[in-house]
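These notes are about the structure you will find just below.
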Amino acid sequence: LAMVTVGSTVVASKIIGADIEPFFATALRHAAALPVFLLLMLFTGTRLPSLQTMGWRGAAVLALQAAAGSLGYTVLLIQGVTWSSAADAAVVAGTLPAVCAVFSVLFLRERISMRVVASIALATLGVMAVAVQPDSGLPNPKRSLGVALVLAAIACEAVFILGNKRLRQPLPALAMSTLMSAGGLVLSALPAWWLSKTSPSALSLPAVSGVLYYAWVPTVLGFWLWYAGSAKTSGSGAALATVWLPVSALLLSAWVLGEPIGPWQWAGLGFVVVAMVLAAWEGRKAK
């Protein structure tokens, strides 16, 4: 269920991007989600860590995570699906485990197995199947740029995920989510104000509803579902559940937005799902 809500962010981003500038939409998302997180912290008695506890290095890691996961992911995804399609973005979003594997090798110096190499190769084929899809009905250069932006959004999410490995002391999930939401609001506020002068947003009912949905369902509810579920299953089981991310995003793009799903997109989804299963199996083997 958590991954289904995350997959729905692709559809929500398409609706939001039609009327609201991406930085402003990001600021609105976190402005709506942050009070809920603060109330949950008050209700559960969760406290934010002090700077002394985290250290300057930990604070820098958190700032990088907020910039990548809370700001970069949302802005790039909204702009990416505006220039491409939600169905395209659905397939590309499924490359997250493969992108995490690549970053783990490049920046964390982790060893890589042939199974992970195969996973990365299949995920790459999935993206290529979407990127080179003929007769998509969209201008090819702009569509290719949109796919590239969605892939960049996934790279930002990978930085957010892997940043936890750089923290000396893991933070409680609720405190982490609250800090990420606060960081996203602070980082998006200034560019949102600046761009509002040249790119005014139309606060239409569908777009505002999309922002509120993004804030309260994938951000707040999705967080709770993910941590509640992952606490009751193995790491490999949680990893395997991520297969539902591109599947839900693709099916929702057809159901909610009425977007046609072509054979190239189905082929890309197939490559990506197999890649995600391989990545999850590798995690199970390591465990």
Side-chain angles (χ1 to χ4, degrees), residues 2-11 13-14 73 76-77 80-81 83-106 110 112-138 140-141 143-159 161-162 235-255 257 259-286:
M3 285 299 103
V4 169
T5 66
V6 174
S8 69
T9 63
V10 172
V11 176
S13 296
K14 185 74 173 181
Y73 174 80
L76 290 169
L77 181 61
V81 297
W83 286 347
S84 59
S85 70
D88 291 340
V91 176
V92 178
T95 63
L96 179 59
V99 174
C100 285
V102 172
F103 282 16
S104 295
V105 173
L106 294 178
E110 293 185 357
I112 189 169
S113 69
M114 290 306 299
R115 193 183 297 273
V116 175
V117 171
S119 173
I120 294 170
L122 286 169
T124 303
L125 286 174
V127 174
M128 289 177 63
V130 170
V132 303
Q133 176 188 354
D135 303 325
S136 64
L138 295 168
N140 195 50
R143 178 174 173 272
S144 298
L145 181 57
V147 170
L149 288 178
V150 175
L151 189 58
I154 298 305
C156 286
E157 188 68 9
V159 171
I161 292 172
L162 296 176
S236 59
L240 191 58
T242 61
V243 171
W244 286 102
L245 193 163
V247 174
S248 69
L250 191 65
L251 296 179
L252 287 171
S253 68
W255 180 40
L257 302 176
E259 291 189 357
I261 303 176
W264 287 79
Q265 289 162 328
W266 283 118
L269 177 66
F271 284 128
V272 165
V273 167
V274 174
M276 297 178 79
V277 171
L278 282 175
W281 186 268
E282 179 66 21
R284 183 175 184 177
K285 181 180 177 182

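As a basis for the values below, the full set of heavy atoms in this structure was taken, side chains included, without hydrogen atoms, waters or symmetry mates.
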For [X] against [Y], the heavy-atom pair lying closest together:
| X | Y | answer |
| --- | --- | --- |
| Ser253 | Ala86 | CB-CB, 3.6 Å |
| Leu96 | Ala158 | CD1-N, 3.9 Å |
| Val10 | Ala90 | CG1-N, 4.1 Å |
| Val11 | Ala249 | CG2-O, 4.2 Å |
| Val91 | Leu269 | CG1-N, 3.8 Å |
| Ala87 | Glu259 | N-OE1, 2.9 Å |

Is any side-chain heavy atom of Leu250 less than 4.5 Å from a side-chain heavy atom of Ile261? yes
Can you find a pair of side-chain heavy atoms, one from Ile161 and one from Phe103, that are under 4.5 Å apart? no
Inter-residue atom distance Leu252.CG - Lys14.NZ, 0.5 Å rounding: 15.0 Å
Atom CE in Met3, atom OG in Ser8: separation rounded to 0.5 Å? 10.5 Å
Step by step, work out the side chain to side chain contact (heavy atoms under 4.5 Å, CB included) result for Val150 and Asp88. CA-CA 9 Å; Val150 175; Asp88 291 340; over 6 Å; no
Once side chain to side chain contact (heavy atoms under 4.5 Å, CB included) is applied, do any residues pair with Ala93, and if so which ones, sequence neighbours excluded? Ile154, Leu245
With Ser104 via side chain to side chain donor-acceptor pair (under 3.5 Å) - residues at least two apart: none
